[in-house]
Structure formats: structure tokens, C-alpha cells
Amino acid sequence: MRKGIVGVILAGGTARRMGGGDKGMLRLNGKTVIEAVLDRLSPQVDRIALNANGDPNRFAALGLEVIADPVPEPIGPLGGVLAALQ
């Protein structure tokens with residue numbers, strides 16, 4: 001049975017250098033950054049999840065599974081990679 005290829009968008013981080021907030025929700029050429037990534041990633045994978053910490057409901061409109069880092073203390077992008085692998 002084929003399990004398919006899963007893509008995971010790492011959308012965590014505090015965006016301190018960008019004034020805070022969710023970097024992925026910033027607009028770029030009329031779309032959010034996450035929407036632009038989804039457009040490019042979708043044809044290449046069977047399923048997509050989003051790695052982000054905090055309230056997952058803020059991404060509900062995207063219709064993606066949101067997975068948080070599995071470690072209690074922030075370790076940067078490696079926490080997102082670990083979440084994706086699990």
C-alpha cells in the first residue's frame with residue numbers, strides 16, 4: 001500500500017526581525033507566503049501539513065493539519081523537522 005509523499009511547511013518562528021507575528025501570513029504578490037508555498041508544493045506531494053506552534057486555529061482557513069514542535073523548549077527549525085519526521 002502506498003503511503004504517499006507528505007510535505008511539511010515549516011511556519012514557526014517568532015519573526016523578531018520582521019516585527020513579530022506569523023511570517024507565513026504576510027502577503028506577497030497578492031497571496032500569503034504560505035499560499036504561495038502551497039501553490040508550488042501541492043503538485044509534488046500527496047498531502048501537506050503545517051508545522052507551527054501556538055494556537056493552530058489561526059491557520060484553520062488553510063485546511064491543513066497543524067503539527068507543533070514535539071519538544072518543550074524552542075530549538076529553531078530543527079523542532080519543525082523533528083515534528084515532520086514524527
Side-chain angles (χ1 to χ4, degrees):
M1 172 185 211
R2 179 182 168 177
K3 291 189 177 192
I5 298 171
V6 179
V8 178
I9 299 171
L10 303 183
T14 59
R16 285 186 305 266
R17 293 181 295 261
M18 299 176 77
D22 290 314
K23 293 176 278 196
M25 300 307 273
L26 295 175
R27 299 204 73 75
L28 175 68
N29 296 326
K31 298 180 180 182
T32 66
V33 173
I34 291 175
E35 289 169 337
V37 172
L38 283 170
D39 287 349
R40 297 297 296 234
L41 185 59
S42 294
Q44 302 175 59
V45 298
D46 297 309
R47 198 176 89 189
I48 299 174
L50 183 70
N51 164 250
N53 295 313
D55 183 6
N57 290 322
R58 67 190 195 274
F59 300 107
L62 297 170
L64 299 174
E65 175 186 3
V66 179
I67 53 176
D69 291 357
V71 291
E73 304 216 4
I75 57 172
L78 288 178
V81 172
L82 179 59
L85 290 172
Q86 290 180 338

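Computation of the quantities below employed the complete heavy-atom set of this structure, encompassing side-chain atoms and omitting hydrogens, waters and symmetry-equivalent molecules.
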Pairwise salt bridge (charged side-chain N to carboxylate O under 4.0 Å, His left out) hits with a residue in residues 68-86, at least two apart: none
Neighbour count >12 (heavy atoms, 6.0 Å) for atom CG, Asp39: yes
Considering all heavy atoms of both residues, which atom of Met25 and which atom of Ile34 are nearest to each other, and what is their separation? SD-CD1, 4.1 Å
Show every donor-acceptor pair shorter than 3.5 Å between a side-chain atom in residues 79-86 and any protein atom, with sequence neighbours excluded, or say none if there are none.
none

Identify all side-chain donor-acceptor contacts of residues 58-67 below 3.5 Å with residues at least two apart in sequence or on another chain.
| unit_1 | atom_1 | unit_2 | atom_2 | d |
| --- | --- | --- | --- | --- |
| Arg58 | NE | Asp22 | OD1 | 3.2 |
| Arg58 | NE | Asp22 | OD2 | 2.7 |
| Arg58 | NH1 | Asn53 | O | 2.9 |
| Arg58 | NH1 | Asp55 | O | 2.8 |
| Arg58 | NH2 | Asp22 | OD1 | 3.2 |
| Arg58 | NH2 | Asn53 | O | 2.8 |

Is any side-chain heavy atom of Leu38 closer than 4.5 Å to a side-chain heavy atom of Ile9? yes
Report whether Leu10 and Val71 are members of the same hydrophobic cluster (ILVMFWY, side-chain heavy atoms less than 4.5 Å apart, transitive linking). no
